[in-house]
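These notes are about the structure you will find just below.
Predicted, not measured: the structure shown is a model, and the values here were computed from it. Residue numbers start from 1 in every chain, and the chains themselves are labelled A, B, ... in the order their sequence lines are given, proteins ahead of strands.
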Protein chains: 2
Amino acid sequence: MTIRPAEQLIHKAAWLYYAHGLRQDQVASQLNISRASVAMYLRKARETGIVNISTSTQLFTDDVLARQLEDALKLDAVWIAPENDYVLDPSTDIAVLAASVFLELVKKGDRIGVAWGRTVYTIADVMSYADLQDVTVVQLCGNLGAPYSYRPDQCTMEIARRLNAKGLNFYAPLVLTTELLAHGLRAEPVIREQLADIANCDLALYSVGTVDADSHVVKCGALSPGEMALLRVAGAAGVVAGQIIDATGKALDCSYNRRVISASLSSLRQIDKRLMVVQEDSKFEPLLAALAGGLCTHLVVGASMARRLLDHAGAQKAS
Amino acid sequence: MTIRPAEQLIHKAAWLYYAHGLRQDQVASQLNISRASVAMYLRKARETGIVNISTSTQLFTDDVLARQLEDALKLDAVWIAPENDYVLDPSTDIAVLAASVFLELVKKGDRIGVAWGRTVYTIADVMSYADLQDVTVVQLCGNLGAPYSYRPDQCTMEIARRLNAKGLNFYAPLVLTTELLAHGLRAEPVIREQLADIANCDLALYSVGTVDADSHVVKCGALSPGEMALLRVAGAAGVVAGQIIDATGKALDCSYNRRVISASLSSLRQIDKRLMVVQEDSKFEPLLAALAGGLCTHLVVGASMARRLLDHAGAQKAS
DNA sequence: GGCTCGGTTTGACTTTTGTCGAGAGCCGTG
DNA sequence: CACGGCTCTCGACAAAAGTCAAACCGAGCC
C-alpha cells in the first residue's frame with residue numbers, strides 16, 4: 001500500500017504539529033497550504049490513527065475498591081468507572097473506559113477475539129482510532145440471522161476498522177436448528193480452522209448476557225422466551241459468547257449449546273488476557289457465573305457493581 | 001505510591017477532556033474549578049505522560065530510500081529524516097524523529113540500555129513524556145569524571161524520568177588508568193551484575209562516535225588527541241558505548257579498550273533491538289564500522305547519510 | 001466547448017484554548 | 001500573630017483552533 005500524495009500531506013502535517021510542536025499557521029506556511037487545510041488534515045490524522053492520543057487509565061485501577069476486587073477475585077486487573085461522580089452519559093461511561101483499557105491492552109502483532117452484544121458494540125462505537133497494522137481481530141461466535149443492529153461480524157469489523165487492523169469474520173449462524181447440522185458445520189474446514197485458532201488469541205473482549213426474557217439471545221430470536229425460562233430452571237446463569245453457562249461457569253449441558261457455533265469456553269480460557277466488560281447492574285449473577293468459570297482475567301465494571309461483587313466475595317469467605 | 005488529591009484532579013480532567021472529548025469549560029463545571037485551572041491541569045497531564053500523544057513514524061519508513069537501505073544493510077527497520085525539506089532546526093530534526101521511534105519501540109516491561117553522547121542527550125531532551133511504570137532504563141557504560149554537560153548517568157536518568165521508568169545507574173569511571181584496576185573493578189559484584197544484565201535488555205539506544213580530535217571521548221578527557229591519533233593509525237574506526245571499534249566492528253585490541261568499564265560489544269549484540277541514531281554526516285565511516293559489527297538493527301539517519309550508505313552498499317556489491 | 005458533479009481549498013468568522021498577573025489560602029518562622 | 005515565601009486559583013485578555021459557505025479545480029459527459 002503506497003501512500004497517496006494526500007496521505008503524505010496528512011502525515012507531514014501531523015508530524016510537524018504533534019511531534020515538533022509547531023502551530024497550525026507555521027505548519028501551513030511550511031507546507032504551502034492554508035491553515036484551514038491544516039486543521040482539516042489534523043482532524044483526519046486523529047481520525048485515522050496516524051496520531052494517537054491515549055490517556056492513562058491508572059485513575060480507575062488506583063482506586064482502593066479496584067485493588068480489593070483484584071485480590072478478592074484473583075483477577076489480573078480491575079477498572080472501576082465511578083458513578084454519579086462526574087457522569088455525562090452514564091451508559092457510555094463504562095464503554096469509554098473499556099475502550100481505553102482495551103487499547104491499552106492491545107500490543108503489536110496481537111490476535112484479538114471479539115464477541116458480540118450491545119456492550120461490545122458500544123465499546124466499538126466510542127473507541128478511538130489507532131494504527132496497528134499487524135493486529136488481527138477475529139470473531140468469536142457465529143452470526144445472528146436477524147437484522148439486528150449489532151451483529152457479531154459488525155462488532156469485529158468495526159473494531160478492526162478503528163484499529164486499522166485485519167478483521168477476520170466467519171459466516172456461520174450462531175445457532176442451528178439441529179445438533180447434527182451444527183456438528184457438520186463445525187467440521188467444515190473454514191469454520192474448524194477459525195475456531196481452532198481462537199485459542200491462539202492474545203486478548204479477548206466480551207461481556208456477559210442475562211438469561212431472562214430481555215436477554216440478547218432472546219431478542220435476536222436465537223431462543224424463545226419460553227425456552228429461555230426452561231433453561232433457567234435447568235440452571236442457566238449467564239450467556240458468554242453466545243453460549244449458556246451455569247452458575248459455576250461451565251457450559252450448560254443442553255440442546256441449545258450443542259447447536260451453537262462459537263468459540264468453546266475452554267479455548268476462551270486459553271486466551272491470555274480475557275477482558276470482560278459489564279455495564280448493567282442486572283448482570284450481577286451472570287457475571288458471578290462467568291467469574292466462577294474463569295472466563296475473565298481483566299474486568300471493567302461500574303462502581304455499584306464493584307461494591308456488590310466485593311460484598312459477595314466477603315460473604316463467601318465468611319461463611 | 002498513593003495518588004495525591006491534586007494528581008487525582010489531573011487524571012480526572014485529562015480523562016474527561018481527552019477520553020470523553022468534553023470542552024475545557026465543561027470539564028471545569030464538572031469538577032467545579034475554573035477553566036484556567038483545567039487548562040493548567042491538562043498541560044501537566046501532557047507533561048507527565050498521563051496523556052500520550054504519539055504520531056506514527058510510518059512516513060519516514062515508507063520512503064523508498066528507507067526500504068532500499070533495509071534490504072541493502074539487512075536491517076530490521078530504517079527511518080530517514082528528510083533534509084532541507086521542511087526543516088526547522090536541522091540538528092534536532094533527527095533527534096525528534098529518533099525520540100518518536102524510540103517511544104514506538106518501547107514496550108511494557110522492557111529493559112532498555114542507554115549509552116551516552118551528544119546525540120543521545122539531545123534525544124532525551126526532546127523526548128515527550130510517557131507513563132511506562134514497569135520499564136527499566138539501564139546505563140550501558142561508565143561515567144566520565146569530567147564535568148561535561150551530558151554524562152552517561154544523566155542520559156539514563158533523563159530518559160527514565162521522561163518515561164516514568166526506573167533508572168539504573170552504575171557509578172564507575174568509563175576509563176581507568178591501569179588495566180589491572182579496570183579488571184578488578186569489573187569483578188566488583190555491583191558492577192559485574194549490572195554488566196552481566198545488559199544482555200537481558202530488550203532495546204538499546206546509542207549513537208556512534210568519531211575517532212578524531214573532535215571525538216567525544218577526547219573532549220571528555222578519556223583520551224588525549226595524541227593517543228587518539230595513534231589509535232587511528234592502529235585501525236580505530238569508531239566509538240560505540242565508549243569503546244573503540246575497528247572497521248569490521250570488532251573491539252580494537254588496545255590498552256584503552258581494556259581499561260574501559262562498559263557493556264561488552266558481544267552483550268550489546270545479544271540485545272534484540274539495537275537502535276542506532278546518527279546525526280552528523282561526518283560519522284559515515286564510524287557508522288559503517290558499527291554496521292559491519294552488527295551493532296545496529298534499527299537505524300535513524302538523515303537523508304544525505306542514507307544516500308551515502310546506499311551508494312556505498314551498491315559499490316560494495318558491484319565490486 | 002460548455003456543463004455538471006464530487007472533491008478539495010480557502011478566507012472570514014466563531015469558538016475554544018493558552019497565558020499572565022493579581023489575589024487568596026496556607027504553612028513555618030521570627 | 002504578623003510576616004515573607006510558597007503554591008494554587010481565578011478573571012480577563014490574547015492567541016490559536018475549529019467551522020462553514022463560497023470559490024475553485026479537474027474529470028467525465030453531453
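Here Tyr206(A) and Trp116(A) keep their ring centres 6.0 angstrom or further from each other.
Of all nucleotides listed (dC10(D), dC20(D), dG18(C)), dC10(D) comes nearest to the side chain of Ala36(B). Nearest to the side chain of Arg35(B), among dT19(C), dC10(D), dT10(C), sits dT19(C). Closest to the Tyr41(A) side chain, of the nucleotides dC10(D), dG18(C), dT9(C), is dT9(C).
The side chain of Ser34(B) contributes no N or O atom lying less than 4.0 Å from OP1 or OP2 of dG11(D). Considering only side-chain N and O atoms, Lys44(A) lies under 4.0 angstrom from the phosphate OP1 or OP2 of dT8(C). Between Gln26(B) and dT16(C) there is no side-chain polar atom (N or O) within less than 4.0 angstrom of OP1 or OP2.
Side chains of Arg46(B) and Tyr18(B): a donor-acceptor N/O pair is present below 3.5 angstrom, by distance only. A side-chain donor-acceptor contact under 3.5 Å links Asp281(A) and Ser304(A).
Here the shortest heavy-atom pairing between Leu97(B) and Thr57(B) reads CD1-CG2, 4.2 Å.
Along DNA chain D, the nucleotide nearest Arg43(A) and the nucleotide nearest Arg23(A) are compared for position; the residue whose nucleotide lies closer to the 5' end is Arg23(A).
Axis angle, first five pairs versus last five pairs of the helix from dG1(C)-dC30(D) to dG30(C)-dC1(D): 10°, rounded to 10°.
Residue contacts shown for Leu42(B) are absent, as no nucleic acid heavy atom lies under 4.0 Å away.
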